[in-house]
Amino acid sequence: MEFIKKNSIVVGIIGVLVVIIIAFFSIGNGIVKEQNSVDSAFADIDTQLQRRNDLIPNLVSTVKGYAAHEEKIFTAISTAQSAMTKAETVTNKAAANDQVSSALNGLLRLQVSYPDIKADKQFTQLADELAGTENRIAVARTRYNDVVKTYNNKVTLFPTSIVAGMRGATKKDFFKASESAKNTPSVDFGNDKK
């Protein structure tokens with residue numbers, strides 16, 4: 001009888017250990033899946049940012065024909081594109097994205113000073129593609145931030161935080177707008193009455 005009692009305890013302990021091991025690997029695999037979702041969502045943002053970067057030179061060359069002396073704007077765009085190309089972290093990409101958006105706004109505002117630009121079919125097509133790409137970037141940022149929230153919850157909430165800590169998983173940064181992007185820009189369309 002005593003032998004059966006001891007064997008029951010050993011079997012119970014082994015059963016508990018098996019459940020703990022299965023739970024550990026299951027939670028660990030869940031963390032890896034969430035990490036992969038974060039990486040995939042970041043790649044989606046990167047793809048849309050690259051699409052925008054590919055459109056910019058064509059847009060700039062179209063505008064240069066009408067506004068060749070607007071070198072300050074073209075330099076700002078070139079600098080912003082360079083920053084985007086060099087950015088690797090989420091925070092750096094977000095800052096570079098804001099810089100590119102600001103520079104593009106300057107380019108698109110040239111339509112006011114040079115009405116012939118609006119009539120150019122290539123400019124109109126490129127501007128439409130750029131607007132569509134900006135929408136795709138916004139959707140990709142939202143998706144990225146959603147999967148980061150899920151991942152961050154997983155690595156910080158108990159009991160998964162224990163496994164996450166053991167695996168070295170840490171919170172990820174959100175793709176945030178810079179402080180300057182929160183300010184409403186002032187736009188002057190030259191409609192001042194004199």
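- Ion pairing of Arg52 with Glu134 is present here, as a side-chain N (NZ or NE/NH1/NH2) and a carboxylate O approach within less than 4.0 Å.
- For residues 66-77, no pair satisfies salt bridge (Lys or Arg N to Asp or Glu O under 4.0 Å), with sequence neighbours left out.
- Judged by distance alone, the side chains of Asp54 and Gln50 do bring a donor and an acceptor atom under 3.5 Å apart.
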Can Tyr114 and Asp120 be said to form a side-chain contact (heavy atoms from CB on, under 4.5 Å), step by step?
CA-CA 11 Å; Tyr114 303 93; Asp120 187 293; over 6 Å; no

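- Linking ILVMFWY side-chain heavy atoms closer than 4.5 Å, directly or via other members, places Val148 and Leu157 in two distinct hydrophobic clusters.
- Asp173 is not listed as a side-chain neighbour of Thr89, based on a closest heavy-atom distance of 4.5 Å or more.
- Looking at heavy atoms from C-beta onward, Arg143 lies in side-chain contact with Asp44 at the 4.5 angstrom threshold.
- Although no hydrogens or angles enter the test, the distance criterion places a donor-acceptor pair under 3.5 Å between the side chain of Thr79 and the main chain of Thr75.
- A side-chain N or O of Asp39 and one of Gln35 form a donor-acceptor pair less than 3.5 Å apart.
- No side-chain heavy atom of Thr170 sits less than 4.5 Å from a side-chain heavy atom of Val155.
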Would you please test Asn92 and Glu88 for side-chain hydrogen bond (donor to acceptor under 3.5 Å, both in side chains) and show each step?
CA-CA 6 Å; Asn92 292 343; Glu88 293 184 8; over 6 Å; no

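- The two residues Ala96 and Ala87 have their closest heavy-atom pair at CB-CB, 4.2 Å.
- Ring geometry for Phe42 against Tyr144 counts as tilted: the plane angle lies between 30° and 60°, on a 0 to 90° scale.
- A donor-acceptor pair under 3.5 Å is formed between the side chain of Thr150 and the backbone N or O of Asp146.
- Here the closest heavy-atom approach between residue Asn53 and residue Met84 is recorded as ND2-CG, 3.8 Å.
- Heavy-atom minimum distance, Ile73 versus Gly106: CD1-O, 3.6 Å.
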Evaluate the criterion side-chain hydrogen bond (donor to acceptor under 3.5 Å, both in side chains) for residue pair Arg51 and Thr133; output intermediate values, then yes/no.
CA-CA 7 Å; Arg51 176 175 158 66; Thr133 300; 3.0 Å; yes

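- Cluster membership check: Met166 shares its hydrophobic cluster with Ile31, using side-chain heavy-atom separations under 4.5 Å among Ile, Leu, Val, Met, Phe, Trp and Tyr.
- Linking Ile, Leu, Val, Met, Phe, Trp and Tyr whenever their side-chain heavy atoms come within less than 4.5 Å puts Phe25 and Phe158 in one cluster.
- One N or O on the side chain of Thr47 and one on the backbone of Ala43 form a donor-acceptor pair closer than 3.5 Å.
- With contacts defined as side-chain heavy-atom distances shorter than 4.5 Å, the pair Asn135/Val139 does not qualify.
- Here the side chains of Phe174 and Asn152 are in contact, with some heavy-atom distance below 4.5 Å.
- Nearest heavy atoms, Ala127 versus Leu108: CB-CD2, 4.5 Å.
- Every residue was checked against the ring-ring contact (aromatic ring centres under 6.0 Å, His included) condition with Tyr151, not counting sequence neighbours, and none meets it.
- Val10 and Ile13 fall into different hydrophobic clusters, where Ile, Leu, Val, Met, Phe, Trp and Tyr side chains are chained together by heavy-atom contacts under 4.5 Å.
- Criterion: ILVMFWY side-chain heavy atoms under 4.5 Å apart, direct or through other members. Under it, Val18 and Ile27 are not part of a common hydrophobic cluster.
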Check the pair Val32, Arg167 against side-chain contact (heavy atoms from CB on, under 4.5 Å), reporting the backbone distance first and the verdict last.
CA-CA 10 Å; Val32 170; Arg167 298 190 97 171; 3.7 Å; yes

Between Val19 and Val16, is a side-chain contact (heavy atoms from CB on, under 4.5 Å) present by the stated rule, with each step listed?
CA-CA 5 Å; Val19 168; Val16 169; 5.7 Å; no

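- Minimum interatomic distance between Leu110 and Ala67 (heavy atoms only, all atoms of both residues): CD1-CB, 4.2 Å.
- Ser37 and Val147 get closest at one heavy-atom pair: O-CG2, 3.7 Å.
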Please set out all donor-acceptor pairs under 3.5 angstrom arising from side-chain atoms of residues 56-65, sequence neighbours excluded.
unit_1 : atom_1 : unit_2 : atom_2 : d
Ser61  : OG     : Pro57  : O      : 3.3
Ser61  : OG     : Asn58  : O      : 3.0
Thr62  : OG1    : Asn58  : O      : 2.9

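- Phe175 is listed as a side-chain neighbour of Asn97, based on a closest heavy-atom distance under 4.5 Å.
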Give the C-alpha distance, both sets of side-chain angles, the deciding distance and a yes or no for side-chain contact (heavy atoms from CB on, under 4.5 Å) between Val90 and Lys172.
CA-CA 9 Å; Val90 173; Lys172 300 290 180 185; over 6 Å; no

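- In this structure a side-chain-to-backbone donor-acceptor pair under 3.5 Å is present from Thr85 to Gln81.
- The shortest distance between side-chain heavy atoms of Thr124 and Asp128 falls below 4.5 Å.
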